[in-house]
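It should be emphasised that the depicted structure is a prediction, and the values quoted were computed from it without experimental measurement. In what follows, every chain begins at residue 1, and chains take the letters A, B, ... in the order their sequences are listed.
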Protein chains: 2
Amino acid sequence: MSLAPVVTGTNHLLAALPSDDSEQLLARCVETELVFADILYRSGDPISHVYFPTTSIISLVTPIDSNHNLEVGLVGYEGMFGLPLILSVNVASYNAVVQGAGQAMCLSTSVFLNELEKSAAFKQELKRYLYVVMSQIAQTAGCNRFHVVEARLARWLLMTQDRAQSDQFHVTHVFLAYMLGVRRVGITKAANSLQNKALISYKRGDIKILDRAGLETASCECYRTEKALYEQILG
Amino acid sequence: MSLAPVVTGTNHLLAALPSDDSEQLLARCVETELVFADILYRSGDPISHVYFPTTSIISLVTPIDSNHNLEVGLVGYEGMFGLPLILSVNVASYNAVVQGAGQAMCLSTSVFLNELEKSAAFKQELKRYLYVVMSQIAQTAGCNRFHVVEARLARWLLMTQDRAQSDQFHVTHVFLAYMLGVRRVGITKAANSLQNKALISYKRGDIKILDRAGLETASCECYRTEKALYEQILG
DNA sequence: GCAGTTACGTACACTACCGTACAGACAGCC
DNA sequence: GGCTGTCTGTACGGTAGTGTACGTAACTGC
């Protein structure tokens with residue numbers, strides 16, 4: 001999310017710590033490979049491990065009713081999965097789906113809670129991150145309510161590009177439809193439109209961002225709002 | 001939210017504390033009258049006071065873009081306003097609008113933070129409440145995305161009835177339209193439909209719940225989901 | 001008692017999205 | 001080459017919602 005150049009393979013929350021705390025913490029982390037489309041947790045599950053993505057991306061998806069799911073957040077190198085633990089609740093509030101394969105730093109719950117008590121800076125950092133996530137969920141809520149599919153798709157692509165740290169990544173229309181809570185056909189139309197405007201190109205799930213600035217124009221203002229909030233609170 | 005009878009004029013979060021903590025805290029609270037339609041805070045404002053409603057109701061409304069606002073949460077005697085402070089962030093994430101006039105216990109931020117440090121039970125209670133609110137926001141997000149206006153209206157009326165602790169309260173179609181993020185006319189149609197089914201009656205803003213069970217059937221399952229979560233975490 | 005304001009009802013053309021169905025295009029595999 | 005599964009494009013009727021406009025009823029105040 002930062003505009004500063006990012007070293008691939010680091011997690012911002014961990015990197016922002018004082019070097020003492022950071023070294024101690026990293027020593028206890030296990031670098032883990034997250035596999036595309038894996039479901040790490042389902043809403044209601046007890047949380048046994050937390051994840052700090054470095055090159056991977058995790059989607060937070062909330063089940064609404066028997067027919068519907070909706071993505072409410074995206075976690076990449078700028079964030080973490082396992083926030084309920086900060087609130088002393090050991091229950092996942094959302095489904096956690098691996099949306100982009102890659103690496104993540106992994107800690108067991110007990111070790112994580114231990115480290116949390118040891119480092120005030122760490123705790124502070126994560127509390128602020130939780131605040132940002134709360135705001136983002138609400139923003140996403142409204143975005144899903146008011147904005148058209150094409151704008152939401154553009155926003156999603158931008159957010160994913162930020163976290164993928166690459167201008168191309170793999171994601172099919174079916175997957176996007178699931179995330180945005182629309183029909184696959186709705187994505188096909190919107191994606192086609194973005195492609196006709198030469199903002200993106202795609203072929204069998206391989207999406208490439210061609211014109212980032214244009215995509216920002218095509219997206220709703222939610223993208224900028226979210227980014228600004230992150231900078232304000234954690235920048 | 002509890003099914004047990006509720007003494008009007010108490011706040012659940014405060015009442016749930018050990019009697020020592022509770023007495024200490026109540027001694028520092030100032031009972032305040034909240035006026036209908038007052039905006040206590042706007043998103044981004046620094047938080048100078050926190051509120052624990054007893055007979056009042058506060059709506060959390062998130063501004064989405066220049067044309068749209070959306071209610072993401074409802075705070076009555078079961079909750080509080082001022083949660084960001086628990087995360088050490090002194091910035092309101094949402095607009096706080098008085099949706100039901102009445103009393104609330106009020107604390108200045110400094111006193112609140114002080115009390116928070118003094119009582120582990122208080123802190124624990126509020127962290128759990130924050131967890132519930134986070135989940136509810138996501139649920140509301142999806143509800144707004146997938147469910148029809150009539151079902152959402154029914155849910156809103158039920159939630160408000162719980163918090164108003166009365167089967168009648170005052171709210172106009174315009175106000176409801178603002179909260180649910182739809183046209184006023186959309187509310188008129190939905191409300192009319194509920195009235196024709198003899199579930200509610202209304203006249204110039206005075207709404208009366210006639211058939212609670214029927215209203216629960218007419219509402220989406222989100223109402224039950226939310227209630228169940230609250231019981232599970234804070235019951 | 002009239003005027004102004006507030007609350008609710010109805011009507012109309014329009015749009016985004018839905019559910020479903022079907023067909024073409026491409027990739028991997030035997 | 002042909003088969004199979006995956007991914008994308010197109011098509012069609014249906015619906016819940018939009019923006020706008022206008023009308024009516026009820027309460028409020030001078």
Side-chain angles (χ1 to χ4, degrees), chain A residues 36-37 64-71 99 141-157 168-197 199-208 218-220, chain B residues 36-37 64-70 99 141-157 168-197 200-208 218-220:
Chain A
F36 177 73
I64 302 298
D65 54 41
S66 36
N67 301 318
H68 299 291
N69 297 281
L70 188 63
E71 186 188 66
Q99 183 250 295
C143 184
N144 279 313
R145 170 74 188 78
F146 294 117
H147 300 150
V148 296
V149 174
E150 186 171 330
R152 274 155 61 202
L153 175 59
R155 168 172 170 245
W156 194 94
L157 293 172
Q168 49 191 323
F169 42 88
H170 187 85
V171 61
T172 66
H173 289 188
V174 174
F175 193 83
L176 284 166
Y178 176 76
M179 290 301 166
L180 299 188
V182 295
R183 289 177 316 158
R184 193 221 77 210
V185 181
I187 298 292
T188 300
K189 273 190 77 176
N192 215 319
S193 169
L194 292 178
Q195 191 168 41
N196 288 338
K197 292 175 190 161
L199 304 179
I200 63 170
S201 74
Y202 63 92
K203 198 187 162 197
R204 295 185 72 75
D206 292 317
I207 293 201
K208 192 168 186 175
S219 92
C220 46
Chain B
F36 177 74
I64 302 297
D65 55 39
S66 37
N67 300 318
H68 296 110
N69 296 281
L70 188 63
Q99 183 251 295
C143 185
N144 278 313
R145 170 74 188 78
F146 294 119
H147 299 150
V148 295
V149 173
E150 187 172 329
R152 274 156 61 202
L153 176 59
R155 167 170 171 248
W156 194 94
L157 292 172
Q168 48 191 326
F169 42 89
H170 188 87
V171 61
T172 65
H173 290 188
V174 174
F175 194 83
L176 284 165
Y178 175 76
M179 291 301 165
L180 299 186
V182 295
R183 286 178 317 158
R184 194 221 73 209
V185 182
I187 298 291
T188 301
K189 274 188 76 176
N192 217 319
S193 169
L194 293 178
Q195 190 168 41
N196 288 337
K197 293 174 189 162
I200 64 170
S201 74
Y202 63 91
K203 198 189 163 198
R204 294 187 71 76
D206 291 318
I207 293 201
K208 192 168 186 175
S219 91
C220 46

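For D/dC27, one of the phosphate oxygens OP1 or OP2 lies less than 4.0 angstrom from a side-chain nitrogen or oxygen of B/Lys203. One finds a side-chain N or O of B/Asn192 lying less than 4.0 angstrom from the OP1 or OP2 phosphate oxygen of C/dG9.
Mapped onto DNA chain D by nearest heavy atom, A/Gly205 and B/His147 fall at different nucleotides, with A/Gly205 at the one closer to the 5' end. Residue A/Val171 is the one, among A/Val171 and B/Val148, whose nearest nucleotide of DNA chain D lies closer to the 5' end (criterion: closest heavy atom).
Of the residues in residues 178-186 of chain B, those lying under 4.0 Å from DNA chain C by heavy-atom distance are B/Arg184, B/Val185.
Taking atom NE2 of residue A/His170 and atom P of nucleotide C/dA27, one finds them 12 Å apart after rounding to whole Å. Distance A/Arg145 CZ to C/dC17 P: 11 Å, rounded to the nearest Å. Across the protein-nucleic acid pair, B/Asn196 atom CG and C/dC8 atom C1' stand 14 Å apart, rounded to whole Å. If you measure from atom CD of B/Gln195 to atom P of C/dA7, you get 17 Å, rounded to the nearest angstrom. B/Glu150 has its CD atom 10 Å from the P atom of D/dA16, to the nearest Å. Between A/Tyr202 atom OH and C/dA25 atom P there is a gap of 15 Å when expressed in whole angstrom units. In this structure, the CG atom of B/Leu153 is 12 Å from the P atom of C/dC8, given to the nearest Å. For B/Phe175 and C/dT6, the CZ to C1' distance is 16 Å, given to the nearest whole Å.
Of the candidate nucleotides C/dA27, D/dT8, C/dA16, D/dT8 has the atom lying nearest to any side-chain atom of A/Thr188. When distances are taken from the side chain of B/Arg204 to each of D/dT18, C/dT6, C/dC17, the shortest belongs to C/dT6. Nearest to the side-chain atoms of A/His173 among the listed nucleotides D/dC7, D/dG9, C/dA27 stands D/dG9.
The side-chain heavy atoms of A/Ser193 and A/Lys189, taken from C-beta on, include no pair separated by under 4.5 Å. Side-chain contact between A/Thr172 and A/Tyr202: absent, with no pair of heavy atoms (C-beta onward) separated by less than 4.5 Å. Side-chain contact between B/Leu194 and B/Leu157 is present, with heavy atoms from C-beta onward closer than 4.5 Å.
Counting only distance, with no hydrogens or angles, the side chain of A/His173 and the backbone of A/Arg184 share no donor-acceptor pair below 3.5 Å.
Listed here is the closest heavy atom pair of B/Ala190 and B/Val149: CB-CG1, 3.9 Å. For the pair A/Arg145 and B/Gly181, the tightest heavy-atom approach, listed with the atom from each and the gap, is NH2-O, 2.8 Å. Residues A/Ala191 and A/Ile200 share a closest heavy-atom pair of O-CD1, 3.9 Å.
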